[in-house]
Amino acid sequence: MLLHTKGTEFPEGQLEAFRERFSSLSWYVKDIKQTFSRYYNRKKKRRGTLWGERFKSVIVEKGETVINCLAYIDLNAVRAGIVKRPEDYRWCSIGHHVQTGNRDGFLSLDFGLVEFGVESAERLKKYRKFLYHAGSVKKRGKTAISARVFQSEKEKNFEVDRSRRFRSRTRYFTDSGIIGSKAFVLGTYEIFKDRLYGSRERVPKKVKGLGGMYSMKRLRET
């Protein structure tokens with residue numbers, strides 16, 4: 001119901017098949033990719049496939065291998081010169097951890113550090129320290145974390161302080177369709193909701209760190 005919107009019906013005789021399907025990572029990702037492809041094709045008035053290949057699925061050993069694999073992925077945006085700090089790129093795990101405070105506990109807090117006896121409260125800081133050290137190593141043809149940025153984070157002991165979390169939340173001002181008081185967001189949504197795709201009611205989300213301010217996702221279909 002959450003995936004296919006409220007009111008979706010699943011035939012009794014096919015419930016077991018659906019349960020097995022939704023327990024499979026391959027099927028689940030396929031569903032997400034196909035749904036997005038249909039939306040994108042409709043929006044851009046195009047046809048055909050969108051994704052180049054199947055998603056990556058690799059069996060990784062715990063501990064040191066995990067933290068190195070995570071760092072490799074989280075540093076991609078830095079290496080490509082898209083951002084100066086890995087957590088500034090929202091479409092990676094460290095971005096989700098810092099920008100949303102790992103909203104809904106969506107991601108694991110393991111970071112490959114459980115095997116080293118690091119307590120959960122310390123793992124994000126330890127992982128950021130590892131990430132900045134790895135990202136500051138220069139590689140041919142790749143952008144590295146600058147010495148200035150590295151030193152700045154080192155002086156903060158790689159902690160994500162309140163000001164850093166607030167700056168990360170400024171994404172709400174560009175990613176949101178409506179932002180303001182709860183009454184304002186709800187009132188404005190009522191004006192536009194008949195023009196939106198889907199039957200699911202949208203709910204204002206409180207912007208953490210900004211008292212009394214609420215946000216609603218971009219109204220991209222209006």
Side-chain angles (χ1 to χ4, degrees), residues 25 28-29 32-33 36 51-176 205-210 215 217:
L25 180 61
Y28 189 70
V29 174
I32 292 172
K33 291 171 74 173
F36 182 79
W51 307 99
E53 57 185 86
R54 185 179 181 273
F55 70 95
K56 296 293 188 297
S57 179
V58 183
I59 298 173
V60 178
E61 186 179 9
K62 292 180 179 181
E64 189 174 353
T65 308
V66 169
I67 195 170
N68 277 283
C69 284
L70 279 175
Y72 173 81
I73 296 168
D74 280 338
L75 287 169
N76 274 338
V78 174
R79 302 285 191 210
I82 299 173
V83 293
K84 294 181 180 180
R85 289 175 167 83
E87 59 265 33
D88 288 345
Y89 187 64
R90 61 178 297 191
W91 307 111
C92 67
S93 62
I94 191 67
H96 184 80
H97 276 289
V98 174
Q99 293 185 26
T100 74
N102 194 24
R103 186 175 58 241
D104 300 325
F106 181 67
L107 297 177
S108 168
L109 291 171
D110 187 312
F111 295 116
L113 294 169
V114 174
E115 282 67 39
F116 299 107
V118 181
E119 296 295 326
S120 59
E122 288 289 306
R123 287 178 204 151
L124 179 59
K125 182 178 78 172
K126 294 286 186 184
Y127 176 61
R128 288 188 75 241
K129 182 177 181 179
F130 179 89
L131 197 59
Y132 274 82
H133 275 91
S136 64
V137 176
K138 296 184 182 298
K139 294 186 177 182
R140 184 179 296 178
K142 304 290 184 182
T143 304
I145 293 174
S146 69
R148 180 183 62 81
V149 169
F150 177 83
Q151 187 59 36
S152 171
E153 296 299 332
K154 185 178 180 180
E155 288 171 2
K156 299 171 188 171
N157 197 26
F158 302 96
E159 294 275 9
V160 182
D161 57 21
R162 291 184 65 185
S163 63
R164 178 71 188 155
R165 289 193 183 278
F166 179 83
R167 287 198 303 275
S168 293
R169 290 190 185 107
T170 59
R171 66 188 180 83
Y172 282 100
F173 294 104
T174 55
D175 289 354
S176 300
K205 302 288 186 182
K206 192 170 184 179
V207 181
K208 295 179 181 178
L210 301 177
S215 163
K217 285 293 184 181

Nearest-0.5 Å distance, [atom1] of residue [X] to [atom2] of residue [Y]:
X    : Y    : atom1 : atom2 : value
F130 : I67  : CZ    : CD1   : 5.0 Å
E64  : E115 : CD    : CD    : 11.5 Å
L113 : Y127 : CG    : OH    : 9.5 Å
E155 : F150 : CD    : CZ    : 10.5 Å
E153 : K129 : CD    : NZ    : 13.0 Å
N76  : K142 : CG    : NZ    : 8.0 Å

Review point. How about K126 and F111: do any of their side-chain heavy atoms sit closer than 4.5 Å?
Key: no

Review point. Should the ring pair H133 and F158 be called parallel, tilted or perpendicular, given that the plane angle runs from 0 to 90° and is split at 30 and 60?
Key: tilted

Practice item. Start with the C-alpha distance between L75 and I145, add both sets of side-chain angles, then the distance that settles side chain to side chain contact (heavy atoms under 4.5 Å, CB included), and finish with yes or no. Key: CA-CA 9 Å; L75 287 169; I145 293 174; 4.1 Å; yes

Point to revise | Test side chain to side chain contact (heavy atoms under 4.5 Å, CB included) applied to K125 and E122, step by step | key: CA-CA 6 Å; K125 182 178 78 172; E122 288 289 306; 3.2 Å; yes

Practice item. For a side-chain contact (heavy atoms from CB on, under 4.5 Å) with I94, tell me which candidate from I73, L124, V160, L107 qualifies. Key: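 Of all the options given, the one that passes is L124.
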
Quick one: does [X]'s side chain have a donor or acceptor within less than 3.5 Å of a partner on [Y]'s backbone?
X    : Y    : result
E87  : H97  : no
R123 : V114 : no
D74  : S93  : yes

Check your understanding: Are more than 12 heavy atoms from other residues, nucleotides or ligands located less than 6.0 Å from atom NZ of K84?
Key -> no

Exercise for review: For residues R79 and A134, report the shortest heavy-atom separation together with the two atoms involved.
Suggested key: NH2-O, 3.3 Å

Exercise for review: Grab the two heavy atoms, one from Y89 and one from A77, that are nearest each other, plus how far apart they are.
Suggested key: CG-CB, 3.5 Å

Practice item. For side chain to side chain contact (heavy atoms under 4.5 Å, CB included), just list the numbers for Y132 and V149, CA-CA rounded to whole Å, side-chain angles, deciding distance to a tenth of an Å, and then say yes or no. Key: CA-CA 9 Å; Y132 274 82; V149 169; 3.9 Å; yes

Practice item. I would like to know whether T100 and R90 meet side chain to side chain contact (heavy atoms under 4.5 Å, CB included); could you show each step before the answer? Key: CA-CA 9 Å; T100 74; R90 61 178 297 191; over 6 Å; no

